[in-house]
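Single-structure report; data block below.
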Amino acid sequence: MRELTYVARRTVEWREVPDPVVQSDRAAIVAPIAAAPCDVDSSILAGHGPIPPPFPIGHECVARVFDVGDAVSHVAPGDLVVVPWAVSCGACERCSRGLTTHCTSVPHMAMFGAPIGGEWGGLFSDLVAIPWADAMLVPLPAGLDPIAMASASDNWPLAWRLVAPHLEARPDARVLVIARGSIGLYVCDIARALGASDVLYVDPDPEHRAIAETYGARTAEAIEPIHHGFDLAVESTGRVDQLAVALRSLVPEGFCESAGNHFRPGELPLLEMYLTGVTMRIARDNVRAHLPEALELARSGRVDPGRVVSNVFDWEQLPDALPERHLKPVFVRDQDR
Ligand SMILES: [Zn+2]
Ligand SMILES: [Zn+2]
């Protein structure tokens, strides 16, 4: 089978590798049918990632189950499933507390699409081995479009986690979103659906701002800090100076959620944060733990993540089209294979 491999700045290529086999009675093999780049993949493709190539890339997809081990009971061949970006066993002490990206059955940072915690392959591959199928795979709810939900492995449920718990506690919160890619747009959609009284979306890209406006957000190219302006600030730029703007725009005792991936160092306004009394969270997302609840919001029809999909390409176009600059391209294959 072929594995799409990141080989150099703005260059990916198919590499032939042996087909994966079901290696235990709890494992499965899946075939991605709709896969998308994570926002951080654009940084990697631009040569800004922390890991030198080559490595198989891709960690967002909806897949069709191809084969399963004898002990797998939650999914069966032919099912459409979401494949979470992180590898987790579902049974260790951390997994049982919902800390699935910190699973102790695998090396720390075990994930698809980057060889940080072992080699698990990428989701832009013809076939992918899933070591714990029942623990990891989440069936795609009936009626949801795999193309619209290709990001359900990572960016979309991350966006849910960045805002949904806060809006549950305070449904009329004012929300600031400083972003560069799909995560911030998903945040606008989910924040409005869950009752945010005001959403300001900040991004220099006019195409992104136009989508945010369809979700009911106000928009700006850039802002200076808005003193005591927002109950919740979400930062998804990978830039520490923009994280500082988000932090400096909070009300007293406000909350800042950062999507992380700041590959370059920078300074945070710690004294101002102390005086305002802010809480900041910067954490890799335990997607598997809250994915069913997030998917329930998508199933309800109250959100429309499909608007963020910028292009639909055929699977065979991956080597040419993935390195191009698109907001959220989705690469699709025959869904009945
Ligand atoms: Zn990601
Ligand atoms: Zn575990």
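Numbering of ligands and ligand atoms starts at 1, following listing order.
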Next on the checklist: Please report, to 10°, the angle around the Zn ion (ligand 2) from atom SG (C89) across to atom SG (C103).
Outcome noted: 100°
Next on the checklist: Working to 10°, measure the angle at the Zn ion (ligand 2) formed by atom SG of C95 and atom SG of C92.
Outcome noted: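 Once rounded, the angle between the two atoms at the Zn ion (ligand 2) is 110°.
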Next on the checklist: From the N, O or S atoms in D154, identify the one nearest to the Zn ion (ligand 1).
Outcome noted: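 Going by distance to the Zn ion (ligand 1), the closest N, O or S atom in D154 is OD2.
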Item to check | Full working for side-chain hydrogen bond (donor to acceptor under 3.5 Å, both in side chains) between E3 and T5 | outcome: CA-CA 6 Å; E3 189 171 69; T5 306; 4.5 Å; no
Item to check | Validation row, ring centre F255 to ring centre H166 under 6.0 Å | outcome: yes
Checklist outcome for this item: The SG(C38)-the Zn ion (ligand 1)-NE2(H59) angle, to 10°, is 100°
Checklist entry - Which of parallel (below 30°), tilted (30 to 60°) and perpendicular (above 60°) describes Y6 and F55? => result perpendicular
Item to check | Aromatic ring pairing Y186/W156, orientation class (parallel under 30°, perpendicular over 60°, tilted between) | outcome: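 Taking W156 first and then Y186, their aromatic rings stand perpendicular (interplane angle over 60°).
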